[in-house]
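When reading the values below, keep in mind they use all heavy atoms of this one structure, side chains included, and skip hydrogens, waters and symmetry mates. These figures come from a predicted structure and were not determined experimentally.
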Amino acid sequence: MGFMSVLSFAHKLTEGRLQPGGRAIDATVGTGADTLFLAKAAGPRGGVYGFDIQPAALALAEERLRLAREEAQAALSPVTLLLQSHAAMAEAVPPDWRGTVSAVMFNLGYLPSGDADKTIITEPAGTLAALEAALALLRPGGIITAVLYPGHEGGDREAAAVEAWAAGLPSRQAQAIVYRQLQRASAPYTLAVEKKKGADL
(Lines give C-alpha, C1' and ligand atoms only; values in the text may rest on other atoms or scores of the structure.)
Protein backbone atom coordinates (compact mmCIF):
# COMPACT_ATOMS: atom_id res chain seq x y z
CA MET A 1 0.00 0.00 0.00
CA GLY A 2 2.84 2.41 0.75
CA PHE A 3 3.02 5.52 2.86
CA MET A 4 1.01 8.65 2.10
CA SER A 5 2.71 11.45 0.21
CA VAL A 6 3.68 14.42 2.36
CA LEU A 7 0.88 16.47 0.76
CA SER A 8 -1.71 13.78 1.39
CA PHE A 9 -0.55 13.51 4.98
CA ALA A 10 -0.99 17.27 5.45
CA HIS A 11 -4.51 17.02 4.01
CA LYS A 12 -5.34 14.03 6.23
CA LEU A 13 -4.29 15.89 9.36
CA THR A 14 -6.27 18.95 8.29
CA GLU A 15 -9.52 17.29 7.28
CA GLY A 16 -10.04 15.90 10.76
CA ARG A 17 -10.00 19.39 12.23
CA LEU A 18 -11.67 21.55 9.58
CA GLN A 19 -15.41 20.95 9.66
CA PRO A 20 -18.14 22.52 7.47
CA GLY A 21 -18.60 26.13 8.54
CA GLY A 22 -14.99 26.38 9.72
CA ARG A 23 -12.33 28.94 8.91
CA ALA A 24 -9.01 28.18 7.24
CA ILE A 25 -5.99 29.89 5.70
CA ASP A 26 -3.77 28.88 2.80
CA ALA A 27 -0.55 30.70 3.65
CA THR A 28 1.08 29.91 0.29
CA VAL A 29 -1.54 29.66 -2.45
CA GLY A 30 0.75 28.41 -5.24
CA THR A 31 -1.40 26.65 -7.84
CA GLY A 32 -4.41 26.62 -5.53
CA ALA A 33 -4.56 22.90 -4.71
CA ASP A 34 -4.61 23.47 -0.95
CA THR A 35 -6.93 26.46 -1.37
CA LEU A 36 -9.48 24.28 -3.13
CA PHE A 37 -9.09 21.51 -0.56
CA LEU A 38 -9.76 23.97 2.27
CA ALA A 39 -12.72 25.57 0.46
CA LYS A 40 -14.32 22.15 -0.01
CA ALA A 41 -13.75 21.14 3.61
CA ALA A 42 -15.06 24.42 5.04
CA GLY A 43 -18.10 24.42 2.77
CA PRO A 44 -20.39 27.32 1.88
CA ARG A 45 -20.86 28.43 5.50
CA GLY A 46 -17.09 28.57 6.10
CA GLY A 47 -14.38 30.92 4.94
CA VAL A 48 -10.88 30.72 3.48
CA TYR A 49 -8.13 33.32 3.09
CA GLY A 50 -5.19 32.71 0.75
CA PHE A 51 -1.85 34.52 0.47
CA ASP A 52 0.72 34.68 -2.30
CA ILE A 53 3.16 37.31 -3.56
CA GLN A 54 2.88 36.26 -7.22
CA PRO A 55 -0.06 37.33 -9.40
CA ALA A 56 0.42 34.17 -11.47
CA ALA A 57 -0.27 32.03 -8.40
CA LEU A 58 -3.51 33.83 -7.61
CA ALA A 59 -4.59 33.52 -11.25
CA LEU A 60 -3.94 29.76 -11.18
CA ALA A 61 -5.89 29.42 -7.95
CA GLU A 62 -8.81 31.50 -9.21
CA GLU A 63 -9.04 29.32 -12.32
CA ARG A 64 -8.92 26.14 -10.24
CA LEU A 65 -11.71 27.41 -7.99
CA ARG A 66 -13.78 28.56 -10.97
CA LEU A 67 -13.55 25.17 -12.64
CA ALA A 68 -14.48 23.39 -9.42
CA ARG A 69 -17.57 25.57 -9.04
CA GLU A 70 -18.56 25.04 -12.68
CA GLU A 71 -18.13 21.29 -12.45
CA ALA A 72 -20.15 21.29 -9.21
CA GLN A 73 -17.57 19.07 -7.54
CA ALA A 74 -18.67 20.42 -4.19
CA ALA A 75 -20.14 23.48 -2.56
CA LEU A 76 -17.16 25.70 -1.76
CA SER A 77 -16.66 28.31 0.92
CA PRO A 78 -16.09 31.94 -0.01
CA VAL A 79 -12.37 32.41 -0.73
CA THR A 80 -10.48 35.70 -0.34
CA LEU A 81 -7.18 35.67 -2.25
CA LEU A 82 -4.66 38.35 -1.29
CA LEU A 83 -1.59 39.45 -3.24
CA GLN A 84 0.45 39.69 -0.06
CA SER A 85 3.15 37.84 1.78
CA HIS A 86 2.00 35.35 4.37
CA ALA A 87 4.07 37.45 6.79
CA ALA A 88 1.18 39.97 6.68
CA MET A 89 -1.34 37.37 7.87
CA ALA A 90 -1.93 38.87 11.32
CA GLU A 91 -2.94 42.24 9.87
CA ALA A 92 -4.71 40.96 6.76
CA VAL A 93 -7.36 38.66 8.18
CA PRO A 94 -10.33 40.12 10.10
CA PRO A 95 -9.75 40.67 13.83
CA ASP A 96 -12.64 38.36 14.72
CA TRP A 97 -10.77 35.44 13.13
CA ARG A 98 -8.24 35.41 15.97
CA GLY A 99 -8.62 32.21 17.97
CA THR A 100 -11.23 30.75 15.59
CA VAL A 101 -9.25 29.29 12.67
CA SER A 102 -9.27 25.50 12.35
CA ALA A 103 -6.39 25.05 9.91
CA VAL A 104 -3.51 26.96 8.34
CA MET A 105 -1.61 25.25 5.52
CA PHE A 106 1.89 26.14 4.29
CA ASN A 107 3.45 24.60 1.18
CA LEU A 108 6.83 26.29 1.12
CA GLY A 109 9.45 26.78 -1.59
CA TYR A 110 8.67 28.12 -5.06
CA LEU A 111 5.65 28.21 -7.35
CA PRO A 112 5.53 24.76 -9.04
CA SER A 113 4.35 26.04 -12.41
CA GLY A 114 6.20 25.43 -15.67
CA ASP A 115 7.03 29.04 -16.52
CA ALA A 116 7.36 30.35 -12.94
CA ASP A 117 10.56 31.96 -11.68
CA LYS A 118 12.01 29.29 -9.38
CA THR A 119 14.29 31.86 -7.73
CA ILE A 120 11.25 33.43 -6.05
CA ILE A 121 11.01 31.37 -2.88
CA THR A 122 9.56 31.64 0.59
CA GLU A 123 12.12 33.00 3.07
CA PRO A 124 12.69 32.03 6.72
CA ALA A 125 11.97 35.48 8.21
CA GLY A 126 8.59 35.85 6.51
CA THR A 127 7.65 32.23 7.14
CA LEU A 128 8.45 32.44 10.86
CA ALA A 129 6.36 35.62 11.19
CA ALA A 130 3.51 33.86 9.41
CA LEU A 131 3.79 30.80 11.66
CA GLU A 132 3.57 32.99 14.77
CA ALA A 133 0.50 34.71 13.34
CA ALA A 134 -1.04 31.37 12.38
CA LEU A 135 -0.64 29.98 15.89
CA ALA A 136 -2.38 33.02 17.37
CA LEU A 137 -5.21 32.71 14.84
CA LEU A 138 -5.81 29.00 15.54
CA ARG A 139 -8.65 27.84 17.73
CA PRO A 140 -7.76 25.34 20.46
CA GLY A 141 -7.34 21.99 18.70
CA GLY A 142 -6.61 23.71 15.39
CA ILE A 143 -3.66 22.72 13.23
CA ILE A 144 -0.83 24.21 11.18
CA THR A 145 0.71 22.02 8.47
CA ALA A 146 3.89 22.96 6.64
CA VAL A 147 5.32 21.00 3.73
CA LEU A 148 9.07 21.70 3.68
CA TYR A 149 11.46 21.32 0.75
CA PRO A 150 15.11 21.06 1.89
CA GLY A 151 16.27 19.97 -1.56
CA HIS A 152 16.23 23.35 -3.33
CA GLU A 153 18.52 26.35 -2.85
CA GLY A 154 17.53 28.02 0.41
CA GLY A 155 15.01 25.34 1.28
CA ASP A 156 17.28 23.63 3.78
CA ARG A 157 17.72 26.86 5.76
CA GLU A 158 13.99 27.49 5.81
CA ALA A 159 13.21 23.90 6.85
CA ALA A 160 15.74 24.12 9.69
CA ALA A 161 14.26 27.44 10.87
CA VAL A 162 10.71 26.07 10.85
CA GLU A 163 11.77 22.95 12.75
CA ALA A 164 13.60 25.02 15.35
CA TRP A 165 10.54 27.25 15.78
CA ALA A 166 8.24 24.25 16.26
CA ALA A 167 10.63 22.47 18.61
CA GLY A 168 10.84 25.60 20.76
CA LEU A 169 7.09 25.92 21.34
CA PRO A 170 6.12 25.36 24.97
CA SER A 171 4.41 21.98 25.28
CA ARG A 172 1.55 23.57 27.24
CA GLN A 173 0.70 25.67 24.17
CA ALA A 174 1.20 23.28 21.26
CA GLN A 175 2.57 19.93 20.17
CA ALA A 176 4.57 19.36 16.99
CA ILE A 177 5.27 16.32 14.82
CA VAL A 178 7.34 15.58 11.71
CA TYR A 179 6.51 13.11 8.90
CA ARG A 180 9.49 12.39 6.68
CA GLN A 181 11.47 9.76 4.82
CA LEU A 182 14.61 9.16 6.84
CA GLN A 183 16.75 7.71 4.04
CA ARG A 184 16.62 10.85 1.86
CA ALA A 185 17.70 14.04 3.61
CA SER A 186 16.62 16.20 0.66
CA ALA A 187 13.11 14.73 0.35
CA PRO A 188 10.14 16.98 1.11
CA TYR A 189 8.51 16.42 4.48
CA THR A 190 5.59 17.60 6.55
CA LEU A 191 5.70 19.33 9.91
CA ALA A 192 2.48 19.84 11.85
CA VAL A 193 1.63 21.87 14.95
CA GLU A 194 -1.56 21.39 16.94
CA LYS A 195 -2.66 24.13 19.33
CA LYS A 196 -3.43 22.73 22.76
CA LYS A 197 -6.85 23.21 24.27
CA GLY A 198 -6.63 25.83 26.95
CA ALA A 199 -3.48 27.34 25.40
CA ASP A 200 -3.11 31.05 26.08
CA LEU A 201 -1.42 32.59 23.03
Taking the side chain as every heavy atom from C-beta outward, state whether D34 and H11 have any pair of such atoms under 4.5 Å apart.
yes
Between R45 and S77, does any side-chain donor sit less than 3.5 Å from a side-chain acceptor?
no
Examine distances only and state if a side-chain atom of K195 and a backbone atom of G141 form a donor-acceptor pair shorter than 3.5 Å.
no
Measuring from atom CH2 of W165 to atom OG1 of T127, what distance do you get when rounded to the nearest 0.5 angstrom?
11.0 Å
When you compare the side chain of T145 with that of F106, does any pair of heavy atoms fall below 4.5 Å?
no
If we only count heavy atoms from C-beta on, is the T122 to H86 side-chain gap below 4.5 Å?
yes
Are L65 and V79 packed together at the side-chain level, in the sense that at least one heavy-atom pair is separated by less than 4.5 angstrom?
yes
Between V162 and L108, is any pair of side-chain heavy atoms under 4.5 Å apart?
yes
Inter-residue atom distance Q181.CD - S5.OG, 0.5 Å rounding:
12.0 Å
Taking C-beta and beyond as the side chain, do P78 and V48 meet within less than 4.5 Å on heavy atoms?
no
Is any side-chain heavy atom of M89 less than 4.5 Å from a side-chain heavy atom of Q84?
no
Should R139 and S102 count as side-chain neighbours, where that means a heavy-atom distance under 4.5 Å?
yes
Here the gap from L169 atom CG to E132 atom CD, rounded to the nearest 0.5 Å, amounts to 7.0 Å
Audit row: R180, T190, side chain to side chain contact (heavy atoms under 4.5 Å, CB included) steps and yes/no:
CA-CA 7 Å; R180 74 182 306 170; T190 297; over 6 Å; no
